[in-house]
> 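Supplied in structure tokens, the structure appears directly below.
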Amino acid sequence: AQLRGTYDAVDGGFGGAPKFPPSMVLEFLLRRHARTGDGLDLVVGTAEAMARGGLYDQLAGGFARYSVDAGWVVPHFEKMLYDNALLLRVYLHLWRETGSPLARRVVTETAGFLLGDLRTAQGGFASALDADAAGVEGLTYAWTPAQLIAVLGYEDGEWAANLLSVTDAGTFEHGSSTLQLRADPDDAERWDSIRSVLLVARDGRPQPARDDKVVAAWNGLAIAGLAEAGALLDRPDWVDAARTAAELLLDLHMVDGRLRRTSRDGIVGTPAGVLEDHADVAEGLLALHQATAEPRWLEAAGELLDVVLARFGDGRGGFHDTADDAEGLFRRPWDPADGPAPSGAAAAAGALLTHAALSDRTDHRAAADAALASLAPVVAAYPRAGGWAAAVGEAALAGPLQVAVAVAPPAGTGAGTGAGTAAGTGAGGGVELVRVARMGTAPGLVVVAGEPDRPGVPLLAQRPLVDGQAAAYVCRGFVCDRPSTDGATLAAAVRAVR
């Protein structure tokens with residue numbers, strides 16, 4: 001109710017200018033809609049306004065940090081990894097709920113931005129692109145009608161200016177305009193050709209510098225988004241990118257069983273990882289485990305979360321942002337409120353809840369519930385600062401549901417090898433069951449597909465095939481309904497009950 005009271009029904013988003021992407025709040029609203037049928041209009045209005053305005057890079061994909069105006073027209077042009085990682089997941093879930101072609105396009109383009117502009121030589125993801133180039137903010141991105149005509153010719157230049165809201169008066173500085181795409185073009189093929197030409201021309205301009213340090217927490221968010229989107233949209237290249245980034249974090253950032261916060265050019269930094277690093281990396285590893293059914297990611301996530309409980313707990317069910325052996329301060333910091341990314345405490349609650357659903361670790365479930373209780377006052381008083389805790393709360397209310405899809409090994413591999421099952425392949429209709437399961441909208445739903453009794457994958461234990469066919473098991477607390485081999489039956493089971 002508080003969120004609806006601050007919603008901007010004209011321009012989307014919450015409150016007035018400046019407007020930051022409310023990623024965590026949108027995820028909560030999507031999950032609430034799944035449970036109650038309410039709130040989807042707030043998500044659709046905000047997501048469409050952001051994606052069609054100047055906040056979004058209409059040529060190459062990716063979101064800027066925030067809009068200086070209420071209408072999402074003029075951004076602060078800096079592009080942050082955490083924003084794009086979180087929004088990738090929001091638009092993925094919006095597409096899953098509504099089938100929106102715009103949402104799917106944003107997912108594809110934003111993933112392309114992550115891989116094309118932020119990926120480092122070591123396979124991690126850089127922190128940001130600067131707002132300015134050659135000392136001028138927006139120099140790379142803003143256009144005048146004359147510049148469009150110079151690149152495209154008069155007819156296409158006029159058409160593009162009208163399509164992209166580039167005016168003689170301008171919407172930005174010095175008569176230039178940010179690019180907006182307020183409606184889909186009437187000639188998609190023409191637009192694709194024009195966009196390609198404009199991108200080539202833009203690449204010839206001064207380019208923003210890249211902050212190429214790899215931050216563990218933000219990479220964890222990127223791994224989660226790419227792994228889930230890759231699994232859901234059948235993009236194994238995105239899953240592979242998530243896997244490579246995860247390997248970098250575990251091989252380079254893990255020092256003596258603890259994460260270091262940053263690295264650069266393959267050299268790890270000295271600052272210790274804080275709560276959000278351990279929690280967000282665990283979140284990413286858990287998404288990667290679900291996308292691949294590889295046990296190592298589940299195991300590594302569990303170890304990180306054990307560190308969270310051992311080193312960051314406050315003794316009252318909540319968490320400090322720094323470890324108990326960190327540099328001594330007058331007071332150990334504790335901030336339960338989301339910023340542009342989930343608070344460390346909310347991220348820890350979410351990762352603990354998901355890990356418990358995948359591993360049957362009752363201690364992790366109890367810790368997640370206690371953390372949510374500690375965050376409840378923030379959600380109640382300041383919901384715009386408690387979006388991730390509220391989203392995790394929806395998952396806790398829903399169970400969350402667990403789906404194990406048992407599939408046969410590919411022909412010729414023999415039983416028990418796990419070969420070919422990472423994307424839900426295998427004999428006996430497994431591909432379709434996995435697709436249906438992953439399209440489920442029950443809040444916090446976890447899905448693992450693989451061969452029955454695959455070592456190191458608790459959700460697949462004692463989940464046999466049915467008459468040699470793939471079978472889906474829908475469970476709560478590892479107690480499962482009868483297996484289903486029918487996609488329609490499964491589809492009904494993995495949507496939240498209203």
Side-chain angles (χ1 to χ4, degrees), residues 8 10-14 17-27 42-95 98 100-118 128-131 133 137-143 148 160-161 163-166 171-172 176-185 188 191-192 194-196 198-199 202-203 207-208 221-222 225-226 229 340:
D8 184 343
V10 175
D11 293 312
F14 302 90
K19 281 183 175 173
F20 290 77
S23 308
M24 291 73 72
V25 167
L26 296 180
E27 180 63 31
L42 308 186
V43 182
V44 170
T46 301
E48 289 193 356
M50 291 193 302
R52 293 198 177 280
L55 184 80
Y56 186 67
D57 186 340
Q58 303 297 343
L59 297 184
F63 289 87
R65 188 178 180 193
Y66 63 89
S67 175
V68 302
D69 63 289
W72 309 102
V73 176
V74 179
H76 174 60
F77 289 91
E78 188 177 21
K79 289 181 176 178
M80 305 301 299
L81 173 60
Y82 52 72
D83 283 324
N84 286 282
L86 289 164
L87 288 168
L88 172 66
R89 226 170 172 188
V90 167
Y91 281 88
L92 177 71
H93 295 163
L94 178 59
W95 168 79
T98 67
S100 163
L102 174 63
R104 180 163 184 158
R105 174 171 66 82
V106 169
V107 171
T108 301
E109 293 173 356
T110 302
F113 165 70
L114 292 178
L115 295 179
D117 289 52
L118 294 186
L129 296 183
D130 286 352
E137 182 167 356
L139 178 64
T140 306
Y141 304 106
W143 296 79
L148 292 177
L163 177 68
L164 297 168
S165 303
V166 177
T171 58
F172 186 50
S176 64
S177 296
T178 61
L179 301 187
Q180 305 172 65
L181 191 64
R182 293 298 179 178
D184 290 335
W191 165 235
D192 287 342
I194 283 174
R195 182 168 62 173
S196 297
L198 291 177
L199 266 175
R202 196 177 83 175
D203 288 344
Q207 298 296 305
L221 297 174
L226 287 168

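Hydrogens, waters and symmetry mates play no part in the numbers below; they use all other heavy atoms, side chains included.
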> Write down the atom of I194, the atom of A160, and the distance for their closest heavy-atom approach.
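I194 and A160 have their closest heavy atoms at CG2-CB, 4.2 Å.
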> Checking Q58 side chain against A51 main chain: does a donor-acceptor pair fall under 3.5 Å?
yes
> Roughly how far, to the nearest 0.5 Å, is the CG atom of L26 from the CG atom of L42?
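It comes to 8.5 Å.
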> Are K79 and D117 close enough, and set up right, to give a salt bridge (charged side-chain N to carboxylate O under 4.0 Å, His left out), and what steps lead you there?
CA-CA 10 Å; K79 289 181 176 178; D117 289 52; 5.5 Å; no
> Measure the spacing between CZ of F63 and CZ of F113 and express it to the nearest 0.5 Å.
11.0 Å
> So how far is it from L92 CG to E27 CD, rounded to the nearest 0.5 Å?
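One finds 9.5 Å between CG of L92 and CD of E27.
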> Calculate, to the nearest 0.5 Å, the distance between atoms CZ and CD belonging to R182 and E48 respectively.
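So the CZ of R182 and the CD of E48 are separated by 11.0 Å.
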> Taking the side chain as C-beta and beyond, is there a heavy-atom pair between L114 and L81 under 4.5 Å?
yes
> Less than 4.5 Å apart, any side-chain heavy atom of L87 and any of T110?
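No. Closest side-chain heavy atoms not under 4.5 Å.
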> So which atom in H76 and which in E137 form the shortest heavy-atom distance, rounded to 0.1 Å?
ND1-OE2, 3.0 Å
> Strictly distance-based, threshold 3.5 Å: is any side-chain N or O of T171 a donor or acceptor partner for the main-chain N or O of S177?
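No, T171 side chain to S177 backbone: no donor-acceptor pair under 3.5 Å.
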> Would you check if the side chain of T178 reaches a backbone N or O of V73 as a donor-acceptor pair within less than 3.5 Å?
yes
> Can you tell me how far apart CG (D57) and CG (L181) are? Round to the nearest 0.5 Å.
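One finds 11.5 Å between CG of D57 and CG of L181.
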> Treating Y91 as the side-chain partner and A47 as the backbone partner, does any N or O pair qualify as donor plus acceptor under 3.5 Å?
yes
> Hey, does the side chain of D69 reach the backbone of V74 with a donor-acceptor pair shorter than 3.5 angstrom?
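Such a contact is found between D69 side chain and V74 backbone.
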> Which atom pair, heavy atoms only, marks the closest approach of P75 to A64?
CB-CB, 3.6 Å
> Is there side-chain contact between L129 and Q207, with heavy atoms separated by less than 4.5 Å?
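Sidechains of Q207 and L129: no contact.
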> How many angstroms lie between atom OH of Y66 and atom CE of M80, to the nearest 0.5 angstrom?
11.5 Å
> Taking the side chain as C-beta and beyond, is there a heavy-atom pair between F20 and P340 under 4.5 Å?
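Of all side-chain heavy-atom pairs linking P340 with F20, none is under 4.5 Å.
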> Take L88 and L221 through the side chain to side chain contact (heavy atoms under 4.5 Å, CB included) test and state the conclusion after the steps.
CA-CA 10 Å; L88 172 66; L221 297 174; over 6 Å; no
> Looking at L59, is its backbone amide N or carbonyl O close enough to the side chain of E109 to form a donor-acceptor pair, meaning the two atoms are under 3.5 Å apart?
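Answer holds: no.
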> Provide the closest heavy-atom pair for D11 versus A49 in the form atom of the first, atom of the second, distance.
O-CB, 3.1 Å
> Consider side chain to side chain contact (heavy atoms under 4.5 Å, CB included). Of M50, R65, K19, which one does L55 pass it with?
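Only match with L55 under side chain to side chain contact (heavy atoms under 4.5 Å, CB included): M50.
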> S23 and V90: which non-hydrogen atoms are nearest, and at how many Å?
O-CG2, 3.5 Å
> What are the two closest non-hydrogen atoms of A229 and V107, and how far apart are they?
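That closest heavy-atom pairing would be CB-CG1, 4.2 Å.
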> Going by the angle between their ring planes, with limits at 30° and 60°, are F172 and F77 parallel, tilted or perpendicular?
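F172 and F77: perpendicular rings.
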